[in-house]
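These values consider heavy atoms only, across backbone and side chains, with no hydrogens, waters or symmetry-generated copies. Letters A, B, ... are given to chains in the order of the sequence lines, protein chains preceding strands, and every chain is numbered from 1. In this text, all values refer to a predicted model and were calculated from it rather than measured experimentally.
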Amino acid sequence: MTEQQVRVRFAPSPTGPLHIGGVRTALYNYLFARKHGGQMILRIEDTDSHRFVPGAENYIIEAFQWLGIEFDEGVHIGGEYGPYRQSERREIYKKYVDVLLQSGKAYIAFDTPEELTAKREEIKNFQYDATTRNLMNNSLTLPKEEVERLIANGNNYVVRFLIEPGRDVIVNDLIRGEVVINSSVLDDKVLYKSVDELPTYHLANIVDDHLMKITHVIRGEEWLPSAPLHVLLYEAFGWADVAPSFAHLPLLLKPEGNGKLSKRDGDRLGFPVFPLEWTDPKSGDVSSGYRESGYLPEAVVNFLALLGWNPGTDEELMSMDRLIELFDLNRCNKSGAKFDYEKGRWFNHEYILHMDNASIAPQFIGLMSSEGVEVTTEQAITVIDLMKGRVNFIPELVPMCRFFFVAPVEYDGKTVKKRWKADSPTLMGELADFLEKMEDFSSENQEKEVGAWIAKNEYHLGNIMNAWRLSLVGEGKGPHMFDISAFIGKDETLRRMRRAIEVLPRKEA
RNA sequence: GGCCCAUUCGUCUAUCGGUUAGGACGCCAGGUUUUCAUCCUGGAAAGAGGAGUUCGACUCUCCUAUGGGCUACCA
């Protein structure tokens, strides 16, 4: 193949929210395009008027914006090869359908859906092809006048691709190598339907890819069986020498059990299968999204990139730029990957860990606010720094950080039983008095002075710290003790300690 | 049923004829720590089965099994 500008496309059907498998396909297209300095196109394949779902197109666009997958041309930004919505390209397809009809590479068929269903019941393994097309109502069996009369009378018809049987069709796949299929097993696919004057996927896809100068078709494995048909279509149009290269990606499978990943698996196992939350316009059902679940887009991208591809080294944490640098279709796997959402959680954890505290702050502040706790940016940054290593998702910080801002009302029973000893009230009283006199209430100074105080009095470190933690947090967990007291300040620290002494049970020695 | 694709630890994967079959997630055990986490160290854990080809196969070929996809006037 001669050197040419790389152009790839992602071409979803607006039938609902974008599935996570589709996101991965788009990501691979994007990585490939960027890697080769090429263009990435978003085309909407809405040739099935029955399955159109309002809002789906906007959802798709918003999802890619969130994920950081950018397009160079597309339905939302235009470009010189538009329109990018197939329903707006009717005239174009009609023209190419006629080309096929005139050259005898396609024919008109009048069989109704009912007749076809009947045929399928009548003949085992019925397929509309060279062995059966002479039994059907089409322009090959009917006299020319009859065909013209039927059309003139407004009968619905379809245009079918005439497939010559008995030849091996070779699909050259960049991931799988040569795939050979005999044309005899292919059926005369419907390319166009008069009822809505729209082509089917196959015709529209080939025409658009050609007209939009697509060089590489990177799509899911579910398209592999129809790839020979597409090869034949390129041939029929005389475009074989400029046909794009194919790469069929392995599928994303259920985490457990068999089959491909579906929406139900997400509901059942508790992880999202869509990038953004989606509310079904008909049923009102809400499906959770990665964004709303607290995933960082960078983590989702990184995780998805490694499901079916790897750089050949042990490197796992990669930014989009790094992925672009390393991506290679030759390193894509052939076999389906079970969707390992546990690892997705880990990726998110790693990204939170490495993320700048200030960029997490706005989301954190918003989440706290909706819980009725107002937090300043400065406070948020401090608390996030202390706590982010403990969570996989940002929303998990909310219940965990509440005590920084709100004094405990109740105390965890188990911790009280274990950590609040007979001498705890006395010790806490002494510690409170000691802290009250402290000038420098920074974490570092507290640590130094309290440490010395404990040593001087020969107290048991754990006894002091655990009881103290219980009185400030209400539980036996949390970050470094002195960071907590320093954050909430001297007054609040003393207040919480004295309340604990008052409220918590006195125990016998 | 027919056609096509695939098959290395539980999972994601490395290996492109000669390796103690490597890494990561998860799991288990230690360690650090005032707590809970984090973190660190260590551990268990794999070539579907059978024939070939070869001095030598995880790696190449074939068969079987298993899994997956497609088989619409859906994409």
Would you mind writing out the side-chain donor-acceptor pairs for residues 175-191 of chain A within the sub-3.5 Å range, not counting sequence neighbours?
from, atom 1, to, atom 2, distance (Å)
A:Arg176, NE, A:His248, O, 3.1
A:Arg176, NH1, A:Lys334, O, 3.2
A:Arg176, NH2, A:His248, O, 3.0
A:Arg176, NH2, A:Lys334, O, 3.4
A:Asn182, OD1, A:Ser184, N, 2.9
A:Asn182, OD1, A:Ser184, OG, 2.9
A:Asn182, ND2, A:Asp168, OD1, 3.1
A:Ser183, OG, A:Glu164, O, 2.6
A:Ser183, OG, A:Gly166, N, 3.2
A:Ser183, OG, A:Arg167, N, 3.0
A:Ser183, OG, A:Arg167, O, 3.3
A:Ser184, OG, A:Gly166, N, 2.8
A:Asp187, OD1, A:Lys189, NZ, 2.7
A:Asp187, OD2, A:Lys189, NZ, 3.3
A:Asp188, OD1, A:Arg133, NH2, 3.3
A:Asp188, OD1, A:Ile163, N, 3.2
A:Asp188, OD2, A:Tyr107, OH, 2.6
A:Asp188, OD2, A:Arg133, NE, 2.7
A:Asp188, OD2, A:Arg133, NH2, 3.2

Just jot down the side-chain hydrogen bond (donor to acceptor under 3.5 Å, both in side chains) partners of [X], sequence neighbours excluded, or say none.
X	result
A:Lys388	A:Asn357
A:Asn302	A:Tyr351
A:Asn392	none
A:Thr313	none

> Is A:Arg345 close enough and on-axis enough to A:Phe393, meaning under 6.0 Å and within 45°, for cation-pi?
Replying inline: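 So A:Arg345 doesn't make the cation-pi contact.
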
>> Side-chain N or O of A:Thr47 versus OP1/OP2 of B:A75: is the shortest distance under 4.0 Å?
In response: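 Answer is yes, contact under 4.0 Å.
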
Protein N or O to nucleotides 37-42 of chain B N or O, pairs below 3.5 Å:
from, atom 1, to, atom 2, distance (Å)
B:A37, N3, A:Arg390, NH2, 3.4

I'd like a table of atom pairs between the protein and nucleotides 6-13 of chain B - only N or O on both sides, under 3.5 Å - with the distance next to each one.
from, atom 1, to, atom 2, distance (Å)
B:C12, OP1, A:Lys338, N, 2.9
B:C12, O2', A:Leu306, O, 3.1
B:U13, OP1, A:Gly308, N, 3.0
B:U13, OP1, A:Asn333, OD1, 3.3
B:U13, O3', A:Asn310, ND2, 2.9

> With a non-hydrogen cut-off below 4.0 angstrom, is A:Val179 in contact with a base, only sugar-phosphate, or nothing?
Replying inline: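 Sugar-phosphate, backbone atoms only, no base.
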
> Can you name the residues that form a side-chain contact (heavy atoms from CB on, under 4.5 Å) with A:Ala204, not counting sequence neighbours?
Replying inline: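 Per chain and number, A:Ala204 pairs via side-chain contact (heavy atoms from CB on, under 4.5 Å) with A:Thr47, A:Gln86, A:Tyr93, A:Pro199.
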
>> List the residues meeting side-chain contact (heavy atoms from CB on, under 4.5 Å) with A:Leu461, not counting sequence neighbours, and say none if there are none.
In response: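 side-chain contact (heavy atoms from CB on, under 4.5 Å) check on A:Leu461 returns A:Ile454, A:Met465.
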
Scan nucleotides 59-61 of chain B against the protein and return all N/O pairs shorter than 3.5 Å with their distances rounded to 0.1 Å.
none

> By a strict heavy-atom criterion of less than 4.0 Å, which residues belonging to residues 117-132 of chain A are in contact with RNA chain B?
Replying inline: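 Correct list: A:Arg120, A:Asn125.
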
>> So, using ring-ring contact (aromatic ring centres under 6.0 Å, His included) as the criterion, who are the partners of A:Tyr290 when residues are at least two apart?
In response: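 Here the qualifying residues are A:Tyr295.
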
